[in-house]
Every structure is written in C-alpha cells, then in structure tokens.
Amino acid sequence: MATPAQALSGVTPEALPTPSLLVDRARLARNIDRMRTRLATLGVPLRPHVKTAKCAEITRLMLAGQPGGVTVSTLAEAHDCLDHGITDILYAVGIVPAKLDAVAALVADGAHVTVLLDAPATARDVASRAAALGLELPVMIEIDSDGHRAGLRPDDPALVEAGRILDAGPGTRLAGVLTHAGDSYQCRSASALEAMAERERVCVVGAAARLREAGLRCPHVSVGSTPTALYATRLDGVTEVRAGVYVFMDLVMAGIGVCSVDDIALSVLTSVIGHQHERGRMFVDAGWMALSRDRGTADQPIDQGYGLLRAPDGGPTPDAPDALVVTATSQEHGIVTARDGAAVDLSRWPVGSRLRVLPNHACATAAQHAGYALLDERGRVETYWPRRGGW
Ligand SMILES: Cc1ncc(COP(=O)(O)O)c(C=O)c1O
C-alpha cells in the first residue's frame with residue numbers, strides 16, 4: 001500500500017480529502033528564515049521548540065544553521081527527535097520523579113536530556129530518583145519573568161536553595177536557568193513587545209547572576225517565545241533562544257502584530273457542506289475537531305472567531321476583505337458568517353466548493369491532525385509529513 005506521502009505527492013489540493021491540514025512551503029521557509037536572520041543579528045543561537053509542528057521534517061528545517069539542540073513539550077516529541085538523530089533535547093515542562101524512568105530510557109538510547117523544575121522540594125525528589133537510576137541529569141531552573149505561569153522569581157531565596165540541591169548531585173547537576181515570557185501574547189504594540197523581551201532577558205540573566213554569586217555554575221541562560229524572540233533588541237547574557245509557533249505563525253501572532261495574515265503557513269482545507277439562505281450563512285466540514293476550540297483572538301482587537309476564511313489558493317476570498325469567519329463550531333461543522341453581520345454571498349460558494357481556514361493558534365489546530373500536506377510554490381501537494389502526537 002502506498003504511504004500517504006507517495007499517495008499524495010504531485011496531486012492538486014482538489015484531490016485531498018477534507019478537512020486536511022495544509023502547509024505552504026514558501027511561507028514556512030520565510031518564517032524560518034526570518035527567525036534565523038533575527039537571532040543571527042542578535043548573536044544568539046536558536047533551540048527550536050518542536051511542540052508546534054511535532055514533525056521531524058519541519059524540525060530539520062528549523063535546525064538549519066543552528067547548533068542542533070531542540071526543545072520539546074512531551075516525551076513523545078523527545079522520542080521522535082531521537083529516532084531522527086537529534087540527541088540534545090531540553091524537556092521544557094516541569095519534571096516529576098515518576099517520569100525519570102522514561103528519561104533514563106531516552107538517555108540509555110543515546111539522548112542528552114535536560115529537564116526543568118522550579119522548587120527545592122522537586123529538586124530534592126528528582127535528585128534522589130535520578131541518582132537511584134544512575135543518572136547525572138542536567139536540570140534547568142524555571143524563572144518567572146512575567147507572572148504568566150510557572151517558575152521562581154529571580155529574587156526568591158528558593159532559587160539558590162534549589163540550585164544548591166541540584167549542584168550537590170549525585171543524580172543531578174545545575175544546567176542553568178530558563179524562562180518563557182508567555183505574557184508576550186498579551187502585548188499590543190512593538191514597544192510593549194520590546195519591553196517584554198527586555199524584561200524576560202533581565203529576569204533570567206539576573207537569576208543566573210544570583211546563582212553565580214552563590215558560587216554555583218550556571219552555564220545556560222535560556223529565553224523564548226516567538227513575540228519576544230522577534231522583538232528583542234539585545235540578548236546580552238542569554239545563551240539560547242527557544243521559539244516554536246513562528247514556524248507556522250497564526251492569527252494570534254497576526255493580532256499581536258508579530259506577522260501579517262499573509263505570513264501564516266498553516267491552514268485547514270475545508271468543503272462547503274450546506275447553506276442557510278434565510279440566515280445568510282453556510283456550513284463547512286471543519287468543526288472543532290479540525291480547527292480546535294482555541295479562541296485566542298477573542299480578546300484581541302480583531303476577533304477571528306474559530307478561524308479566518310481564505311480562498312482555496314490561500315489568498316483572500318473575493319468577499320469584502322477578511323470578511324468570512326468561522327463564528328461557531330460543533331464537532332464536524334463550522335458555521336461561516338460575514339464579520340459585519342451582512343449575508344454571505346452564497347452564490348460564490350456552492351456546496352462542494354472549497355475554502356481554507358487560517359488557525360487562531362497553530363499549535364492547537366495542528367494537534368487535531370495526523371500530518372501535513374505540504375504545498376509547493378505552485379500550490380501542488382509536494383508530499384505528506386506525519387506528526388508525532390501523544391505524550
Ligand atoms: C517553555 C516554552 N518555551 C518556549 C515556547 C515557545 O513559545 P512560542 O510558541 O511563542 O514560540 C513555549 C511555548 O509555549 C514554552 O512553553
């Protein structure tokens with residue numbers, strides 16, 4: 001039986017089933033190049049986050065010209081990277097001792113895995129379990145630079161306490177400090193993004209300084225989110241940047257101003273499956289199963305519902321500019337309405353015609369699918385790339 005890649009290569013998107021997840025090769029390459037160029041200017045390497053694409057072929061493109069290490073959000077991603085010859089793996093979600101057997105298995109298979117935690121008690125438990133497993137595990141301490149999520153504030157006494165526990169070994173060693181300014185997604189201007197990037201840098205560089213003042217080695221200083229990576233004006237003291245969603249970009253990034261709608265490389269190909277003339281709206285076969293329930297643009301100046309409609313070639317539809325939006329979803333239905341409440345011109349979109357939906361949050365939409373149909377510069381399907389889901 002033909003693999004999906006063999007079966008799909010060379011066909012036009014009209015031959016694809018719907019819903020299908022599409023990636024535009026040219027936009028993907030542009031996004032990767034933009035991040036590479038930006039960080040080269042700032043003189044700091046990229047440790048790409050593979051959680052957005054979860055796809056070995058895309059990881060390889062993200063790694064071009066970089067030292068070769070990746071960031072993962074699941075152990076499944078770590079296994080997939082190792083299966084594809086990538087050994088330097090930072091698992092950037094708080095570790096618990098029960099996961100260390102799985103980490104030890106990765107290490108036994110040749111991976112160099114670094115883990116993350118943010119409390120002395122966890123450091124103690126992880127050190128003890130890691131020692132029992134015969135590991136000398138590099139551990140990063142997570143720093144809270146913006147009140148967004150996990151991490152220790154740089155001035156928290158627990159920082160040095162956790163550092164001392166990790167440094168004492170034998171199961172662990174202190175690899176450094178890491179922060180993720182997730183609140184950058186709330187920024188609404190270039191100056192706010194620049195300020196957020198600087199705050200992210202100052203917090204984590206300050207945390208590293210405190211550890212070093214306490215006599216501890218702190219070799220790695222890791223920052224990153226797509227908005228801060230692209231808007232940082234200096235990265236002194238930082239040793240690596242992590243970024244993930246830049247690879248596809250999405251409507252949330254466009255709403256922040258980090259990219260334009262035309263930069264978005266990911267879309268869901270969908271078919272019109274019905275009309276409701278009296279309400280001036282239509283249905284497509286991309287519901288929340290194909291788009292996700294993410295409503296990340298809901299509190300942005302332009303609310304894109306569950307996704308913005310594009311013509312089958314990826315360009316704007318002939319309706320009023322950016323007028324068509326998926327405003328409601330059920331499992332396999334998307335309800336498409338005009339943003340301004342006007343009736344959709346249903347004559348333009350007969351049942352069976354096709355559209356594309358741009359995602360609010362690329363990570364969430366991609367997670368609904370088993371893989372990507374990659375489109376070449378002429379809009380033909382070049383190949384199929386599988387994703388590695390699960391945990
Ligand atoms: C720890 C960590 N680092 C880096 C990133 C990458 O952020 P972005 O997807 O904005 O590039 C994330 C995203 O959630 C993250 O959780």
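Proximity of Leu309 to Val326: side-chain heavy atoms (C-beta onward) are separated by under 4.5 Å at one or more points. Counting only heavy atoms from C-beta outward, the side chains of Leu39 and Met35 approach each other to under 4.5 Å. Contact annotation: the side chain of His361 never approaches that of Thr297 to less than 4.5 Å [non-hydrogen atoms, C-beta and beyond]. Pro48 places none of its side-chain heavy atoms less than 4.5 Å from the side chain of Thr71. Side-chain contact check for Val70 versus Asp88: every heavy-atom pair is 4.5 Å or farther apart. In this structure, the side chains of Val241 and Leu235 come closer than 4.5 Å at one or more pairs of heavy atoms. Asp322 has its side chain within reach of Arg339: a pair of non-hydrogen atoms, C-beta onward, lies under 4.5 Å apart. By the 4.5 Å heavy-atom criterion applied to side chains, Ser222 and Met140 are counted as neighbours.
Contact record, Leu174 with Gly163: CD2-CA, 4.1 Å, taken as the closest heavy-atom pair. Of all heavy-atom pairs spanning Pro312 and Arg354, the tightest one is CG-O, 3.1 Å. Closest approach of Arg356 and Ser267 over heavy atoms only: CD-OG, 3.0 Å. Of all heavy-atom pairs between Gly296 and Asn360, the closest is N-ND2, 4.1 Å. Between Ala367 and Arg387, the shortest heavy-atom contact is CA-NH2, 3.3 Å. Contact between Ile256 and Arg188 at its shortest, heavy atoms only, is CG1-NH1, 4.1 Å.
Counting only distance, with no hydrogens or angles, the side chain of Glu77 and the backbone of Ser73 share a donor-acceptor pair below 3.5 Å. Side-chain atoms of Thr226 come within 3.5 Å of backbone N or O of Tyr246 as a donor-acceptor pair. Although no hydrogens or angles enter the test, the distance criterion places no donor-acceptor pair under 3.5 Å between the side chain of Asp109 and the main chain of Leu106. Side-chain atoms of Thr172 do not come within 3.5 Å of backbone N or O of Ala127 as any donor-acceptor pair. In terms of modelled atom types and a separation under 3.5 Å, the side chain of Ser189 and the main chain of Ala192 share a donor-acceptor contact. In this structure, the side chain of Glu200 engages the main chain of Gly224 through a donor-acceptor pair within 3.5 Å. A donor-acceptor pair under 3.5 Å is absent between the side-chain atoms of Asp263 and the main chain of Arg27, judged by distance alone. A side-chain donor-acceptor contact under 3.5 Å links Arg153 to the backbone of Asp144. The main-chain N or O of Val252 is found under 3.5 Å from a side-chain atom of Gln300 such that the two form a donor-acceptor pair. Thr18 contributes no side-chain N or O that, together with a main-chain N or O of Ser20, makes up a donor-acceptor pair within less than 3.5 Å.
The line from CG of Leu46 to CD of Gln66 is 4.5 Å long, rounded to the nearest 0.5 Å. Between atom OG1 of residue Thr74 and atom NZ of residue Lys54 there is a gap of 4.5 Å, rounded to the nearest 0.5 Å. We find the CG-CZ distance between Leu355 and Arg348 to be 11.5 Å, quoted to the nearest 0.5 Å. A distance of 7.5 Å separates CG of Leu291 from OG1 of Thr270, quoted to the nearest 0.5 Å. Taken to the nearest 0.5 Å, the CD1 atom of Ile58 stands 5.5 Å off from the CG atom of Leu28. Taking CH2 from Trp288 and CD from Glu332, the interatomic distance works out to 8.0 Å, rounded to the nearest 0.5 Å.
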- [ ] Dump the intermediate steps for side-chain contact (heavy atoms from CB on, under 4.5 Å) on Ile86 and Thr59, then the final yes or no.
- [x] CA-CA 10 Å; Ile86 298 164; Thr59 300; 3.6 Å; yes
Open item on the list: Could you walk me through whether Tyr384 and Leu21 satisfy the side-chain contact (heavy atoms from CB on, under 4.5 Å) test, starting with their C-alpha distance in whole Å, then the side-chain angles of each, then the deciding distance to 0.1 Å, before giving a yes or no?
Closed with: CA-CA 10 Å; Tyr384 176 84; Leu21 190 62; over 6 Å; no
- [ ] For Ile95 and Val103, run side-chain contact (heavy atoms from CB on, under 4.5 Å): C-alpha distance rounded to whole Å, both residues' side-chain angles, the deciding distance at 0.1 Å, then the answer.
- [x] CA-CA 10 Å; Ile95 193 72; Val103 170; 4.2 Å; yes
Open item on the list: Please evaluate residues Leu308 and Val261 with respect to the criterion side-chain contact (heavy atoms from CB on, under 4.5 Å), reporting the C-alpha separation (whole Å), side-chain torsions for both, the decisive distance (0.1 Å), and the verdict.
Closed with: CA-CA 9 Å; Leu308 178 66; Val261 166; 4.0 Å; yes
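Glu198 and Arg201 are joined by a salt bridge, as a carboxylate oxygen and a charged side-chain nitrogen come within less than 4.0 angstrom of each other. The pair Glu136-Arg173 meets the salt-bridge criterion, since a charged nitrogen lies less than 4.0 angstrom from a carboxylate oxygen. Using a 4.0 Å cut-off between charged side-chain N and carboxylate O, Glu194 and Arg199 make no salt bridge. Under 4.0 Å is where a charged nitrogen must lie from a carboxylate oxygen, and between Asp101 and Arg129 at least one such pair does. A salt bridge between Asp183 and Arg149 is absent, with no side-chain N of the basic residue lying under 4.0 Å from a carboxylate O of the acidic one. One finds no salt bridge joining Arg30 and Asp24 here, because no Lys/Arg side-chain nitrogen approaches an Asp/Glu carboxylate oxygen to under 4.0 Å.
For the 3.5 Å distance criterion, the side chains of Thr317 and Asp319 qualify, holding a donor opposite an acceptor. Judged purely by distance below 3.5 Å, without hydrogens or angles, the side chains of Ser292 and Asp294 never pair a donor atom with an acceptor atom. Counting only N and O atoms by type, the side chains of Ser184 and Ser225 include a donor and acceptor under 3.5 Å apart.
Both Leu42 and Leu230 are members of a single hydrophobic cluster when ILVMFWY side chains are connected at heavy-atom separations under 4.5 Å. By the rule that hydrophobic residues join a cluster once side-chain heavy atoms approach within less than 4.5 Å of another member, Val247 and Tyr372 end up as members of one cluster. Under a hydrophobic-cluster definition in which Ile, Leu, Val, Met, Phe, Trp and Tyr are linked whenever side-chain heavy atoms come within less than 4.5 Å, directly or via other members, Val381 and Leu22 are assigned to the same cluster. One hydrophobic cluster, built from ILVMFWY side chains closer than 4.5 Å, cannot hold both Leu269 and Ile273; they sit in different ones. The hydrophobic clustering, which links ILVMFWY residues whose side-chain heavy atoms are closer than 4.5 Å, places Leu90 and Val177 apart.
Counted within 6.0 Å of CZ on Arg217, heavy atoms from surrounding residues, nucleotides or ligands total 12 or fewer; the atom is thus considered open. For CZ of Arg279, the number of neighbouring non-hydrogen atoms (other residues, nucleotides, ligands) closer than 6.0 Å is 12 at most. Residue Glu278 qualifies as enclosed at atom CD: its count of foreign heavy atoms under 6.0 Å is above 12. Atom CD1 of Ile302 sits in a sparse spot, with 12 or fewer heavy atoms from other residues, nucleotides or ligands closer than 6.0 Å. No more than 12 heavy atoms of other residues, nucleotides or ligands shown are found within 6.0 angstrom of NE2 on His333.
Evaluated for a side chain to side chain contact (heavy atoms under 4.5 Å, CB included) with Glu142, the options Thr179, Asp118, Leu152 yield exactly one hit, Asp118.
For Asp125, the side chain to side chain contact (heavy atoms under 4.5 Å, CB included) partners are Pro97, not counting sequence neighbours.
Judged by a 6.0 Å distance limit and a 45° cone about the ring axis, Arg295 is positioned over the six-membered ring of Tyr306.
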